[in-house]
There are 2 protein chains.
Amino acid sequence: MRSVYRRVELLRVIAHPIRIRILEELTKGVKCVSDLEKFLDISQPNVSQHLAILRQYGVIDYYMDGRLRCYFLKDPIIPDILEILKKDYIEELPAPACCPVTKKGKYPGRR
Amino acid sequence: MRSVYRRVELLRVIAHPIRIRILEELTKGVKCVSDLEKFLDISQPNVSQHLAILRQYGVIDYYMDGRLRCYFLKDPIIPDILEILKKDYIEELPAPACCPVTKKGKYPGRR
DNA sequence: ATGTGATATTCAAATATAATAATATTTGCA
DNA sequence: TGCAAATATTATTATATTTGAATATCACAT
């Protein structure tokens, strides 16, 4: 069982609007830098910077096709996370049984 | 279907080692600030700051029990994310069929 | 070998985030 | 009413992240 805390780093890397868009795009298939550049509508160096970060943490990788760098998803956690982010949660979690009551002795395991 | 990008903000909020620990602890049940303070072994104001951030984004909420603020999980996405973070992924994603080949015409949907 | 297209790297400036220290607020109780 | 426990808020400082601009690299074609 992998430590959750080693994965927090991964979350930080994913938790950026541009990088999430890159990852979503890559779930659809291989993309080269200039395609991502058009899709994201940001500067080429900035695309490369984000790709470098994602690659540095093992989230993505690439292969060469001529002079194109073809990036693809590598970390299998990504599709799972993206799926959860898309999921529609309508209900909040059930509040603890004691919740609405503001009296003593209602905090389980204390007092 | 909720927008992924509204959720990126949520990811950013979660993607912090202390806040992840708080959330993990809260999956086990209601906790008050001083209990979290002991558990996390950081200053009380810092605990409150992290709790404030989590609450601000609707991730957690609290009820009062005497002078205790009893915090609990509110956003139902949290247990799902924590579960995925704990999951043990052994295999990388299958590389694209063209991957090892470094020749022209291997980038699907291009050239 | 040289030029060009595709992409990466580096640096600096702007901005955001985190932790610490100090102080304030709130609540129950004597 | 006034004190103390529990918690929140604010300001400050330190650090990290993001972006843009400029430049460098690398691979192929000529």
Side-chain angles (χ1 to χ4, degrees), chain A residues 5 8-22 25-26 30-57 59-72 101-107 109-111, chain B residues 5 8-22 25-26 30-57 59-72 101-107 109-111:
Chain A
Y5 312 113
V8 175
E9 211 173 40
L10 178 82
L11 273 195
R12 226 188 48 235
V13 163
I14 295 175
H16 184 288
I18 288 180
R19 291 197 288 268
I20 278 274
R21 291 183 66 203
I22 291 176
E25 198 58 10
L26 291 185
V30 180
K31 300 284 165 193
C32 76
V33 180
S34 50
D35 285 343
L36 290 171
E37 181 185 350
K38 277 175 229 149
F39 171 70
L40 298 167
D41 199 33
I42 60 175
S43 74
Q44 174 272 311
N46 200 11
V47 177
S48 283
Q49 284 164 343
H50 286 297
L51 290 172
I53 290 170
L54 289 170
R55 208 173 87 82
Q56 181 183 344
Y57 288 92
V59 179
I60 64 177
D61 205 352
Y62 68 88
Y63 63 90
M64 299 292 298
D65 177 10
R67 4 187 175 186
L68 303 180
R69 286 203 185 193
C70 303
Y71 281 89
F72 56 89
V101 189
T102 307
K103 289 183 187 161
K104 292 182 208 167
K106 291 299 171 185
Y107 177 19
R110 204 179 148 117
R111 337 201 100 189
Chain B
Y5 312 113
V8 174
E9 213 174 38
L10 179 82
L11 273 194
R12 229 187 46 234
V13 163
I14 294 175
H16 184 288
I18 287 180
R19 292 197 286 268
I20 278 275
R21 292 182 67 203
I22 290 175
E25 197 60 9
L26 291 186
V30 180
K31 299 285 165 193
C32 75
V33 180
S34 52
D35 284 343
L36 290 171
E37 180 185 351
K38 277 176 228 146
F39 171 70
L40 298 167
D41 199 32
I42 61 175
S43 75
Q44 175 271 312
N46 202 11
V47 177
S48 282
Q49 282 165 343
H50 286 298
L51 289 172
I53 291 169
L54 289 170
R55 207 172 88 83
Q56 182 182 345
Y57 288 92
V59 179
I60 63 177
D61 204 352
Y62 68 87
Y63 64 89
M64 299 292 298
D65 177 10
R67 4 187 175 188
L68 302 180
R69 284 204 185 192
C70 302
Y71 281 90
F72 57 88
V101 188
T102 308
K103 288 182 189 161
K104 292 180 208 168
K106 290 300 172 183
Y107 176 18
R110 205 178 148 116
R111 340 200 98 188

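To find a chain, count down the sequence lines: A is the first, B the second, and so on, and within it residues start at 1.
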Nearest-Å distance, CG (A:Leu40) to P (D:dT18)? 15 Å
State whether B:Ser34 places a side-chain N or O below 4.0 Å from either non-bridging phosphate oxygen (OP1 or OP2) of D:dT7. yes
Please report the distance, rounded to the nearest Å, between CZ in B:Arg67 and P in D:dA6. 7 Å
What pairs of nitrogen or oxygen atoms, one from the protein and one from nucleotides 15-19 of chain C, lie under 3.5 Å apart?
from: C:dT17; atom 1: OP1; to: B:Arg12; atom 2: NE; distance (Å): 3.3
from: C:dA18; atom 1: OP1; to: B:Arg19; atom 2: NH2; distance (Å): 3.4
from: C:dA19; atom 1: OP2; to: B:His50; atom 2: NE2; distance (Å): 3.0

Partners passing side chain to side chain donor-acceptor pair (under 3.5 Å) against B:Arg21 (at least two apart in sequence or in another chain): none
Pick the closest DNA chain D nucleotide for A:Ser43 and for B:Ala52 by heavy atoms, then say which residue is nearer the 5' end. B:Ala52
OP1 or OP2 of D:dA8 under 4.0 Å from side-chain N/O of B:Arg69: yes
Rounded to the nearest angstrom, tell me the gap between atom CD in B:Glu37 and atom C1' in C:dT20. 14 Å
When you check the phosphate oxygens OP1 and OP2 of D:dA8, does a side-chain N or O of B:Tyr71 lie under 4.0 Å from one of them? yes
Once side chain to side chain contact (heavy atoms under 4.5 Å, CB included) is applied, do any residues pair with B:Ile53, and if so which ones, sequence neighbours excluded? B:Val13, B:Arg19, B:Tyr57
Who are the side chain to side chain donor-acceptor pair (under 3.5 Å) partners of B:Arg12, not counting sequence neighbours? none
With hydrogens left out and only the distance checked, is there a donor-acceptor pair under 3.5 Å joining A:Gln44's side chain and the base of C:dA6? no
B:Glu25: which residues meet the side chain to side chain donor-acceptor pair (under 3.5 Å) condition with it, sequence neighbours left out? B:Lys28
Check whether any side-chain N or O of A:Tyr62 sits under 4.0 Å from OP1 or OP2 of C:dA6, and answer yes or no. no
Report the nucleotide, chosen from D:dA27, C:dG28, C:dT9, that has the shortest atom-to-atom distance to any side-chain atom of A:Met64. D:dA27
Quick one: A:Leu54 CG to C:dA8 P, roughly how many Å, whole number? 12 Å
Provide, to the nearest angstrom, the distance between the CG atom belonging to A:Leu51 and the P atom belonging to C:dT7. 10 Å
Check the distance between D:dA5's C1' and B:Asp35's CG and give it to me in whole angstrom. 14 Å
With side chains defined as the heavy atoms from C-beta onward, is the minimum distance between B:Leu36 and B:Leu51 less than 4.5 Å? yes
Separation of atom CG in A:Leu68 from atom C1' in C:dA8, rounded to whole Å: 15 Å
Rounded off to whole Å, could you give me the CZ-to-P distance for the A:Arg21 and D:dT18 pair? 16 Å
What one should report as the nearest heavy-atom pair of A:Arg55 and A:Asp61 is NH1-OD1, 3.2 Å
Once side chain to side chain contact (heavy atoms under 4.5 Å, CB included) is applied, do any residues pair with A:Val8, and if so which ones, sequence neighbours excluded? A:Tyr5, B:Pro17, B:Ile20
Candidate nucleotides C:dT9, D:dA8, D:dG20, ranked by approach to the side chain of A:Pro45 - the nearest: C:dT9
